[in-house]
Amino acid sequence: MKKFKLRRFASFVYVAVMAVLAFMYFTNDYGLVDIRKTAVIIGAGIDRTDDNMSVTAQVAVPNPSSGGGSTRYIEVEAEGPTVAAALNGINKKTGFYPKLVFCKLIVLGQSCSEGDILEVLDYFYRDDYTQLTPSVAMCEGSARSLLGSDMAFGNTATVSIERLLSDEAKRSGNVSVADLKDIGLLQSSPSAAFFMPFIRPKSSSAGGAEQPSSGDSAGSEGKQGEGESGGGGSEFLCDRTAVFTKGAFAGVLSEEDSMAFNLLKSDVRHVFVPCSDGEELYTLGLRSCSGSATAGEEGGRPVITLSFSAVAQLADTSVPSEASQKSEGEVPEGALRAGEAAVRGMFSSLLDALRAADCDVLGLKNGLYRFAPALYRKYGGSLLSSAEVVYNISLRSAG
């Protein structure tokens, strides 16, 4: 009889607890902000203006479903002594509470290169509502102008740039993608060097390493867009890479040097490399790419070893070949040797640029610190400038 009463009491307690939990679930928002009072920031641009920080937020403002409209995108700009103060200024201007939990892109204007980049990004590491996954990039000119541009592809600048920084572009070796987590880990490593893609207008002239210029201070008062934009918008490229040492801007790698960097440090699946054997021009498609950059010691001297291997296919040539040769897929020996020479030239150019900038973005010191601490203590301070370079490059035909 007593056991039966205890069972009934336990059942009653169980039902009561479930009723209380259900009541709390359906009646409490647990501190969530009303969606009608929230401005969801999908992209943020930061510029330095004298002693202040200028933050331009690309905001998705939800429309009530009864209005029948789609989400509106606007650009709102505010200034303050810090990034946090500038974001608070956006709240004052709009009445919306800026939420960064959905922010996917952080663009730094070229004016940010004048100081420590980590001072600019510090807020995003401290904010509880910011993920470590937003992509970080630097742009030519001002971030405010970039986010306010009418894009040829996509309805917002953030969406268009995210497409340029996609995983597909990274796997093809065209873009050096980095997020907040990557930058934090690389900066705190023994190499103390990190990178991010450099965005520039398509009409910008090509060239090697660049120095920062004064950013364009023009901006927009804030616009809104719905649906896909029509043709004739701006086009941008992300095929260059900005590199930093101890938080300081060290330069911009050219397109060729950026591709060489990606071949060594990224998971590249398929890349096209033009080359020539002196008589014929080739374009090789390289698959199953494997690259690495390591440091060691040989004969009492420091040595940097740059290794790369891949399977090559003949994608194009300046001289037509027979149909049977095309179907077999065999790459001529001369084209393979020319491809290896082209890759070696790319690696040599990259290393020259990094030596000139004194930037160990390849993480050579990291490898010594982890696997050869004695060599790190011996050569860590002068590794880039004093080490010999050994190239191990091997291409094999797919046919």
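Keep in mind it's a predicted model, so treat the numbers as computed, not measured.
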Salt bridge (charged side-chain N to carboxylate O under 4.0 Å, His left out) between Glu79 and Arg48, worked out: CA-CA 9 Å; Glu79 289 188 15; Arg48 288 186 183 271; over 6 Å; no
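- A 4.5 Å side-chain heavy-atom check between Phe195 and Val361 finds at least one atom pair inside the cut-off.
- For the pair Leu362 and Leu350, the minimum side-chain heavy-atom distance is below 4.5 Å.
- A side chain to side chain contact (heavy atoms under 4.5 Å, CB included) with Ser307 holds for exactly one of Val390, Ile393, Thr294, Asn392; it is Asn392.
- Ring geometry for Phe194 versus Phe244: interplanar angle under 30°, hence parallel rather than tilted (30 to 60°).
- With hydrogens and angles left out, the side-chain atoms of Gln58 and Glu75 include a donor and acceptor closer than 3.5 Å.
- Between Phe308 and Cys289, the shortest heavy-atom distance links the atoms CE1-CB, 3.8 Å.
- Between the side chains of Asp47 and Ser54, no donor N or O sits under 3.5 Å from an acceptor N or O.
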message: Applying side-chain contact (heavy atoms from CB on, under 4.5 Å) to Ser172 and His270, what does each step give before you reach the verdict?
response: CA-CA 5 Å; Ser172 62; His270 190 198; 5.9 Å; no
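- The shortest side-chain heavy-atom distance between Phe198 and Glu140 falls under the 4.5 Å cut-off.
- Thr317 and Glu280 share a side-chain donor-acceptor pair at under 3.5 Å.
- Judged by distance alone, the side chain of Ser349 and the main-chain N or O of Gly345 form no donor-acceptor pair under 3.5 Å.
- Asp179 and Ser135 share no donor-acceptor pair across their side chains, judged by distance under 3.5 Å alone.
- In the model, Asn366 has a side-chain atom that pairs as donor or acceptor with a side-chain atom of Ser189 under 3.5 Å.
- With no hydrogens or angles considered, no side-chain donor-acceptor pair links Ser385 and Ser382 at under 3.5 Å.
- Side-chain atoms of Asp316 never come within 3.5 Å of backbone atoms of Thr283 as a donor-acceptor pair (strictly under, hydrogens ignored).
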- request: List the steps and the verdict of side-chain contact (heavy atoms from CB on, under 4.5 Å) for Leu180 and Ile106.
  value: CA-CA 9 Å; Leu180 284 172; Ile106 300 171; 4.0 Å; yes
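- The hydrophobic clustering, which links ILVMFWY residues whose side-chain heavy atoms are closer than 4.5 Å, places Leu253 and Ile304 together.
- In this structure the side chain of Cys238 reaches within 4.5 angstrom of the side chain of Leu165, judged on heavy atoms.
- The structure places CG of Asp352 at 8.5 Å from CG of Asp257, a figure rounded to the nearest 0.5 Å.
- Looking at heavy atoms from C-beta onward, Phe347 lies in side-chain contact with Leu264 at the 4.5 angstrom threshold.
- Side-chain contact between Thr133 and Lys181 is absent, with no heavy-atom pair separated by less than 4.5 Å.
- Judged purely by atom type and a 3.5 angstrom limit, Ser276 has no side-chain atom pairing as donor or acceptor with the backbone of Leu281.
- The existence of a salt bridge linking Lys202 and Glu235 is confirmed by a sub-4.0 Å separation between a basic side-chain nitrogen and an acidic carboxylate oxygen.
- A donor-acceptor pair under 3.5 Å links the side-chain atoms of Ser258 to the main chain of Thr241, judged by distance alone.
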- prompt: Is there a salt bridge (charged side-chain N to carboxylate O under 4.0 Å, His left out) between Asp116 and Lys246 once you walk through the steps?
  reply: CA-CA 8 Å; Asp116 191 341; Lys246 297 180 180 179; over 6 Å; no
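- Using a 4.5 Å heavy-atom threshold, the side chains of Ser348 and Tyr391 count as touching.
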- prompt: Could you walk me through whether Tyr282 and Leu314 pass the side-chain contact (heavy atoms from CB on, under 4.5 Å) check?
  reply: CA-CA 7 Å; Tyr282 304 98; Leu314 190 58; 3.6 Å; yes
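- Residues Leu286 and Val311 form no side-chain contact, since every pair of their non-hydrogen atoms from C-beta on lies 4.5 Å or further apart.
- Across all non-hydrogen atoms, the minimal contact from Phe272 to Gly285 is CD2-CA, 4.0 Å.
- A donor-acceptor pair under 3.5 Å is formed between the side chain of Ser149 and the backbone N or O of Ser145.
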